[in-house]
Amino acid sequence: MEKIKIFVPTTLADVSVAQYRKIAKLDTTEKHEKWLIDAISIFCNITKEQVKAMSLKDMNLIANKIAQLKDAEKHNERLKPKITHEKIEYGFHPNLSKLTVGEFADIETYCVNGLFENIGQILTILYRPITFESGDFYQIEDYKGQGDPKKWDTLKMDVVMGALNFFLSIGETLTKDLANYSIQEAEAIY
């Protein structure tokens, strides 16, 4: 049997959007062994036949390394406000309170149909080319309502998870603020 060298991802910075999307599509109701073969094939960029040809010891070693990625998802990846992707500098939307109706409606639509299925479209809204920059301040291109979501397929998942964590923390804060405001308003009425 021919020996091959493979790269085993150990952090989200080692996993692309395209790989993660494929993993998200795997049927989790399948037998564990089949799911594991598919997952190793996707994460390590090798064929299923190459995975099946591995020793059980090697497959378990790789499976344990990949399992650490699940733990990495729980870690707090930080938002990266500016990124360089495919030689273009992008900025995360600098002021989410000024999202246009079109931006908001499109994000909401893409989230309903499956977050990771549509992550490319969501990233196209949130990260846009920087048009002006001065220190930490920057402006991004206006939203045009379309873009090539496939351009994000090679972006690493640590960037994506940082953006998602940012949204979740903002959503949590806004929910608490709204609840506190509602209580104060109700107390003021009575």
Side-chain angles (χ1 to χ4, degrees), residues 1-90 92 106-127 147-172 175:
M1 177 186 342
E2 180 185 329
K3 289 192 175 206
I4 60 169
K5 267 190 171 181
I6 63 171
F7 175 78
V8 180
T10 56
T11 70
L12 291 175
D14 297 330
V15 179
S16 72
V17 167
Q19 288 173 302
Y20 204 88
R21 186 182 309 114
K22 288 177 187 175
I23 291 293
K25 286 182 181 180
L26 289 180
D27 184 358
T28 57
T29 63
E30 289 182 348
K31 286 186 177 179
H32 177 71
E33 294 80 19
K34 180 172 179 352
W35 183 92
L36 192 57
I37 289 168
D38 291 344
I40 290 173
S41 171
I42 293 166
F43 277 133
C44 297
N45 288 314
I46 58 176
T47 66
K48 292 177 190 176
E49 290 72 30
Q50 288 171 314
V51 177
K52 290 176 185 177
M54 288 179 181
S55 71
L56 196 54
K57 178 184 172 189
D58 288 343
M59 189 169 123
N60 285 332
L61 180 67
I62 293 169
N64 287 333
K65 293 284 185 193
I66 289 175
Q68 294 172 5
L69 290 174
K70 276 290 193 199
D71 293 335
E73 290 176 9
K74 296 173 189 167
H75 295 178
N76 263 346
E77 294 290 341
R78 293 191 124 9
L79 175 67
K80 293 173 179 59
K82 293 188 246 181
I83 61 170
T84 300
H85 180 62
E86 296 181 358
K87 300 179 183 175
I88 298 172
E89 188 152 11
Y90 292 91
F92 188 81
D106 287 350
I107 288 173
E108 191 173 58
T109 299
Y110 294 136
C111 286
V112 167
N113 295 327
L115 181 64
F116 285 106
E117 182 65 32
N118 298 311
I119 197 65
Q121 290 93 334
I122 294 168
L123 289 169
T124 298
I125 297 167
L126 296 177
Y127 279 104
D148 180 13
K150 294 286 186 197
K151 75 179 175 190
W152 299 107
D153 281 356
T154 58
L155 185 68
K156 300 302 179 183
M157 284 303 297
D158 61 326
V159 174
V160 175
M161 289 301 188
L164 293 179
N165 286 341
F166 182 76
F167 267 121
L168 291 175
S169 67
I170 283 186
E172 187 177 308
T175 302

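Nothing here was measured: the structure is a model prediction, and the numbers come from that model. Numbering starts at 1 and runs along the sequence shown.
- Trp152 and His85 have parallel rings, their planes meeting at less than 30° on a 0 to 90° scale where 60° marks the start of perpendicular.
- Annotation: side chain of Val160 is not in contact with side chain of Leu12 (no heavy-atom distance under 4.5 Å).
- Gln121 meets the side-chain hydrogen bond (donor to acceptor under 3.5 Å, both in side chains) test with no other residue; sequence neighbours excluded.
- Taking a 6.0 Å sphere around NZ of Lys82, one finds it holds more than 12 heavy atoms contributed by other residues, nucleotides or ligands.
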(request) Check the pair Tyr90 / Leu123 against side chain to side chain contact (heavy atoms under 4.5 Å, CB included), numbers first and verdict last. (result) CA-CA 10 Å; Tyr90 292 91; Leu123 289 169; over 6 Å; no
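- In this view, Asp148 satisfies the side-chain hydrogen bond (donor to acceptor under 3.5 Å, both in side chains) rule with no residue, not counting sequence neighbours.
- Around atom NZ of Lys65, no more than 12 heavy atoms belonging to other residues, nucleotides or ligands sit under 6.0 Å away.
- Taking CD from Gln19 and NZ from Lys156, the interatomic distance works out to 6.0 Å, rounded to the nearest 0.5 Å.
- Asp14 is linked by a side-chain contact (heavy atoms from CB on, under 4.5 Å) to Phe7, Pro9, Thr10, Thr11, counting only residues two or more places apart in sequence or in another chain.
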(request) Go through Phe116 and Leu164 one step at a time and tell me if the side chain to side chain contact (heavy atoms under 4.5 Å, CB included) criterion holds. (result) CA-CA 11 Å; Phe116 285 106; Leu164 293 179; 3.9 Å; yes
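- Between atom CD1 of residue Ile122 and atom OG1 of residue Thr109 there is a gap of 10.0 Å, rounded to the nearest 0.5 Å.
- Leu26 contributes atom CG, which lies 10.5 Å from atom NZ of Lys22 (distance to the nearest 0.5 angstrom).
- When side chains are defined from C-beta on, Ile119 does not count as touching Leu155, because their heavy atoms never get closer than 4.5 Å.
- Smallest separation of non-hydrogen atoms from Pro81 and Tyr127: O-CE2, 4.0 Å.
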(request) Dump the intermediate steps for side chain to side chain contact (heavy atoms under 4.5 Å, CB included) on Met157 and Val17, then the final yes or no. (result) CA-CA 6 Å; Met157 284 303 297; Val17 167; 4.0 Å; yes
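- Under the 4.0 Å criterion applied to side-chain N and carboxylate O atoms, Asp27 and Lys34 are not assigned as salt-bridge partners.
- The two atoms that bring Ala163 and Leu79 nearest to each other are CA-CD1, 3.8 Å, heavy atoms only.
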Which pairs would a plain distance check flag for residues 40-50, meaning a side-chain donor or acceptor within less than 3.5 Å of a matching protein atom at least two apart in sequence or in another chain?
residue, atom, partner, partner atom, Å
Ser41, OG, Ile46, O, 2.5
Thr47, OG1, Gln50, N, 3.0
Thr47, OG1, Gln50, OE1, 3.3
Lys48, NZ, Asp38, OD1, 3.3
Gln50, OE1, Thr47, N, 2.8

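- Residues meeting the side-chain contact (heavy atoms from CB on, under 4.5 Å) test with Glu86, sequence neighbours left out: Lys151, Thr154.
- The side-chain hydrogen bond (donor to acceptor under 3.5 Å, both in side chains) test applied to Asp153 returns Arg21, not counting sequence neighbours.
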